[in-house]
Each structure stands twice: as C-alpha cells, then as structure tokens.
Colleague: 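Sharing a structure below in structure tokens format, with a few things to ask.
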Amino acid sequence: MMIGKLNDVIDYIEKNLSNDLQLSDVARYVGESDYHFRKLFLYITGMPLNEYIKKRKLSMANQDLVQGHSVTEVAFKYGYNSVEGFSRAFKSWSGMLPSEAYRKGAITSFPKLSFYIDVRGGENMEVKLVEMPAFTIAGVEKRVPMQFEGVNDSIMELAKSITEEQRDEMRRIQNIDPQEIVNASYDAAEKFMKEEGELTHMIGVLTTETDISDNLDRKHVEACTWAVFPNEGKFPETMQETMARTHSEWLPSSNYELIEAPTFSFTQMSTEKKDHAYSEIWLPVRGVQ
C-alpha cells in the first residue's frame, strides 16, 4: 500500500464522517481485507482505525458546536443514537460537555492524519516465504494485556505456570518446523489501543498430531503461506522493533496482506552475550493482486 493510497483513504474517511461509516467500508474502499487493513493502520499510526474515526467525528462535532449548531443536531449528524451517548463520548474525549463547548466556543482539536515518506537509513529486511500445511498450536494459553515494548509480565507468569507434565507432552507431539517452543498471539480485542486491551497468548509447539493431552490448550491453524522475519540482537527490543517494521515497512510495500490467523515467534537466547537473542517472527499472509 503506497503513501498516496493511504492519504486517499484518509480523504475518504473525511468525506464520510457524517455518514454511517463502517470499518469494512474503509477496507473495501482501499481494496484490502478488513483484518489486514485494521492491523496495518494500527502499526503505522499507533491507534486503531475505529478510534481515529471516532476522534475525527468528535473533532468535527466540536467545530459545528462552536459555529452555533445545537447539541441534538450535532449528536445525530455524527451517528449517535442519543444526546446522552454523544455527551458522554464528547466529555471523555475533550474533558467538557458539548453544551459547554457550544456556550463558551471552546475547541479541542484532533487533526486529520496525513502520510509522507520518511527514509531512515534504508535498512534491509530479511524475509522468507514458507508454505505450511494445516497444524495445531498446542500449549498453555492465557488472556494477557497488550504491550508493544519491554517484557510482558503476564507472559512471564504464563511461562512459569507451565508444569513439567505439560512440557513433556509438548515435546512428545512436536513434529513440524520450526522445532521450537513458540509464543503465539491471536484473538486481539476489537477496540484495543496501544498498550490497552487484551489478546490470547499461547506458549506451545506446532504439531500435526491429533492425539493431544487434555492438559494442553490447542489452536487449529489452516494451511497457508507464512512470511518469516529472522532477527538478532538485544532482547526483546530487536524483536519488537522488527515486528513493528513488518507492519510499517514490509507489508505496505509488499504484495501480501495479513490473514486472520495466529502470529507466532520463537527466541533462542545467547549463551555468550547478555540479553542477546536470535528470533524469528512468523506472520500468516496471502498474496494480493
């Protein structure tokens, strides 16, 4: 997805702020799957698409209020079913009630986005495409809070909770590459913002076995193509930076889009260098025309 196309999407949103604009409408306009475009937008901008649209609606509503339009008129113009619902959303966003903005002429602004090319050193990204059969990720899962930087304490607690019996069962059924303990993430909350919301995290192995102990959770994954991003350096910063670049640099410029399936990674800590690791990030993708 090129920069011009992203700016076209922002213009499309602007023209439809007072209409019943759905996230699927935006994805359809840009010619991407809803799932792929929402994830891409989040990684590039740092906020979910629905949150951006909501804030732009409220910003435009604020302008209408100071221009003398009534609270009731503005509430229904921007898709709220009641004045009460609009007032709650407006106060949460701006810190004041719509009636105050109307009376005082007070403005809280949330400008529309624009995208531009920012070249930073031209670093290469190593990537390989791997075709995989259907498999199951079997391990131990837990709902954990979103966290894009640093060590996630909830995931560390999950790792410590795995019993030796569960580890033995994972070793028994592990039978396809990568032959590693993986960290898989899926089912992210629909409306999470950066460092907010939850997703399901599983620590486990990849297997095609069907005889799996009830001591393990499991997540089935259909056959698909995987984009694999090797990276090596300080852990976890290097891996997290690579994950961000897959969405902000590689996906927008490639002929692939994400599909709705778990992403996973594995990490091999160095025995010689402190906080140094080799990792691989596996993203489920499909080619697009």
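Treat the numbers as computed from the prediction; the structure is a model and nothing was measured.
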Colleague: Any side-chain to backbone donor/acceptor pair from E241 onto T238? Under 3.5 Å, distance only.
Modeller: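 Pair absent, no side-chain N/O of E241 close to backbone of T238.
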Colleague: Would you call K142-E157 a salt bridge at under 4.0 Å N-O?
Modeller: yes
Colleague: Does the N231 side chain pair with the main chain of F229, one donor and one acceptor, at a distance under 3.5 Å?
Modeller: yes
Colleague: Take atom CD of E209 as the centre, draw a 6.0 Å sphere, and report whether it contains more than 12 heavy atoms from other residues, nucleotides or ligands.
Modeller: yes
Colleague: Just verifying a value: how many Å separate L21 CG and K54 NZ, rounded to the nearest 0.5 Å?
Modeller: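 That separation rounds to 15.0 Å.
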Colleague: Any side-chain heavy-atom pair from Y278 and P230 closer than 4.5 angstrom?
Modeller: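 Heavy-atom side-chain distance check passes, below 4.5 Å.
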Colleague: Is it the case that one hydrophobic cluster holds both I13 and W93, taking links as side-chain heavy atoms less than 4.5 Å apart, direct or via other members?
Modeller: yes
Colleague: Test side-chain contact (heavy atoms from CB on, under 4.5 Å) on L283 and H247; report intermediate values, then the result.
Modeller: CA-CA 10 Å; L283 303 183; H247 288 71; 4.2 Å; yes
Colleague: For N81, does the CG atom sit with more than 12 other heavy atoms under 6.0 Å from it, leaving out its own atoms?
Modeller: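 Count not over threshold, so no.
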Colleague: Return all side-chain donor-acceptor pairs below 3.5 angstrom for residues 216-223, not counting sequence neighbours, or 'none' if the list is empty.
Modeller:
| from | atom 1 | to | atom 2 | distance (Å) |
| --- | --- | --- | --- | --- |
| D217 | OD2 | E141 | N | 2.9 |
| R218 | NH2 | I212 | O | 3.3 |
| R218 | NH2 | S213 | O | 3.0 |

Colleague: For the side chain of T246 and the backbone of M243, is there at least one donor-acceptor N/O pair under 3.5 Å apart?
Modeller: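 The answer is yes, because a donor-acceptor pair under 3.5 Å joins these two groups.
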Colleague: Roughly how far, to the nearest 0.5 Å, is the OG atom of S70 from the NZ atom of K77?
Modeller: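 Nearest 0.5 Å value for the NZ-OG distance: 11.0 Å.
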Colleague: Taking it one step at a time, do R171 and E164 satisfy salt bridge (charged side-chain N to carboxylate O under 4.0 Å, His left out)?
Modeller: CA-CA 11 Å; R171 283 190 284 265; E164 195 57 42; 3.0 Å; yes
Colleague: Please tell me whether Y29 and D8 have a donor and an acceptor in their side chains that are separated by less than 3.5 angstrom.
Modeller: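 No pair is found: no donor N or O on one side chain lies under 3.5 Å from an acceptor on the other.
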Colleague: Mind checking what makes side-chain hydrogen bond (donor to acceptor under 3.5 Å, both in side chains) contact with R103, not counting sequence neighbours?
Modeller: none
Colleague: According to a 4.5 Å side-chain heavy-atom criterion applied to Ile, Leu, Val, Met, Phe, Trp and Tyr, with indirect links allowed, do M60 and M47 form part of one hydrophobic cluster?
Modeller: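 Looking at the clustering, M47 is in the same group as M60.
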Colleague: Parallel, tilted or perpendicular, judged at 30° and 60°: which one describes the rings of F90 and F86?
Modeller: tilted
Colleague: Give a yes or no on whether L251 and I259 share a hydrophobic cluster (residues Ile, Leu, Val, Met, Phe, Trp, Tyr; joining criterion: side-chain heavy atoms under 4.5 Å apart).
Modeller: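 Different clusters.
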Colleague: Of the non-hydrogen atoms in P178 and L206, which two are nearest, and what is the gap between them?
Modeller: CD-CD2, 3.7 Å
Colleague: Atom CG in D275, atom NZ in K234: separation rounded to 0.5 Å?
Modeller: 6.5 Å
Colleague: If you measure only the distance, is there a donor-acceptor pair under 3.5 Å linking the side chains of E14 and N16?
Modeller: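 E14 vs N16: no donor-acceptor pair found between side chains.
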Colleague: Roughly how far, to the nearest 0.5 Å, is the OG atom of S87 from the CE atom of M96?
Modeller: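 Between M96 CE and S87 OG, I get 12.0 Å after rounding to 0.5 Å.
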Colleague: With distance as the sole criterion, is a donor-acceptor pair present between the side chains of T208 and N175 under 3.5 Å?
Modeller: yes
Colleague: Side chains of V228 and E126: does their closest heavy-atom pair fall under 4.5 Å?
Modeller: no
Colleague: Does any donor atom in the side chain of T267 or S279 lie under 3.5 Å from an acceptor atom in the other side chain?
Modeller: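 S279 and T267 do have a side-chain donor-acceptor pair below 3.5 Å.
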Colleague: To the nearest 0.5 Å, what is the distance between CG on L199 and OG on S185?
Modeller: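 Here the rounded value is 5.0 Å.
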Colleague: In chain order, what residues pass the side-chain hydrogen bond (donor to acceptor under 3.5 Å, both in side chains) check against E180, with sequence neighbours excluded?
Modeller: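 With neighbours one apart ignored, the set is Q268.
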Colleague: Output, in order, the C-alpha distance, side-chain angles, deciding distance and verdict of side-chain contact (heavy atoms from CB on, under 4.5 Å) for T163 and R167.
Modeller: CA-CA 6 Å; T163 67; R167 294 183 186 279; over 6 Å; no
Colleague: Which is it for I53 and K57 under the side-chain contact (heavy atoms from CB on, under 4.5 Å) test, yes or no, and what are the steps along the way?
Modeller: CA-CA 6 Å; I53 294 172; K57 281 177 176 278; 3.9 Å; yes
Colleague: Any donor-acceptor pair under 3.5 Å linking the side chain of E100 with the backbone of L97?
Modeller: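 A pair under 3.5 Å: yes.
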Colleague: With no hydrogens and no angle check, is any side-chain donor or acceptor of R56 less than 3.5 Å from a backbone partner on L17?
Modeller: no
Colleague: Classify the angle between the aromatic ring planes of W226 and F264 as parallel (below 30°), tilted (30 to 60°) or perpendicular (above 60°).
Modeller: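 Judged by the thresholds at 30° and 60°, the geometry between W226 and F264 is tilted.
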Colleague: Just by modelled atom types, is the E272 backbone N or O under 3.5 Å from a matching donor or acceptor in the H276 side chain?
Modeller: no
Colleague: Do you reckon Y186 sits in the same ILVMFWY cluster as F266, going by side-chain contacts under 4.5 Å, direct or chained?
Modeller: yes
Colleague: Check whether W282 and I203 end up in the same hydrophobic cluster, where Ile, Leu, Val, Met, Phe, Trp and Tyr are linked by side-chain heavy atoms less than 4.5 Å apart.
Modeller: no
Colleague: If we only count heavy atoms from C-beta on, is the R143 to H201 side-chain gap below 4.5 Å?
Modeller: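 A side-chain contact under 4.5 Å is absent here.
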Colleague: Tell me yes or no: between the side chains of E165 and N215, is some donor less than 3.5 Å from an acceptor?
Modeller: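 On atom types as modelled, these side chains qualify, holding a pair under 3.5 Å.
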Colleague: Flag the pair T263 / P284 as yes when at least one side-chain heavy-atom distance between them is below 4.5 Å, and no otherwise.
Modeller: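 Answer yes - side chains close enough.
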Colleague: Mind telling me whether W250 and Y256 have parallel, tilted or perpendicular rings, with 30° and 60° as the class edges?
Modeller: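 It falls in the parallel class, under 30°.
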Colleague: Under 4.5 Å between any side-chain heavy atoms of I137 and V205, yes or no?
Modeller: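 The answer is no; the side chains never approach within 4.5 Å.
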Colleague: Do the non-hydrogen side-chain atoms of D25 and R28 ever get within less than 4.5 Å of each other?
Modeller: yes
Colleague: Given S265 and M239, is the side-chain contact (heavy atoms from CB on, under 4.5 Å) satisfied, shown in steps?
Modeller: CA-CA 9 Å; S265 65; M239 185 175 72; 4.0 Å; yes
Colleague: Are any of the side-chain heavy atoms of K112 and D11 separated by less than 4.5 Å?
Modeller: yes
Colleague: Looking at side-chain heavy atoms only, is the closest gap between F41 and V26 below 4.5 Å?
Modeller: no
Colleague: To the nearest 0.5 Å, how far apart are OG in S59 and CD1 in I107?
Modeller: 8.5 Å
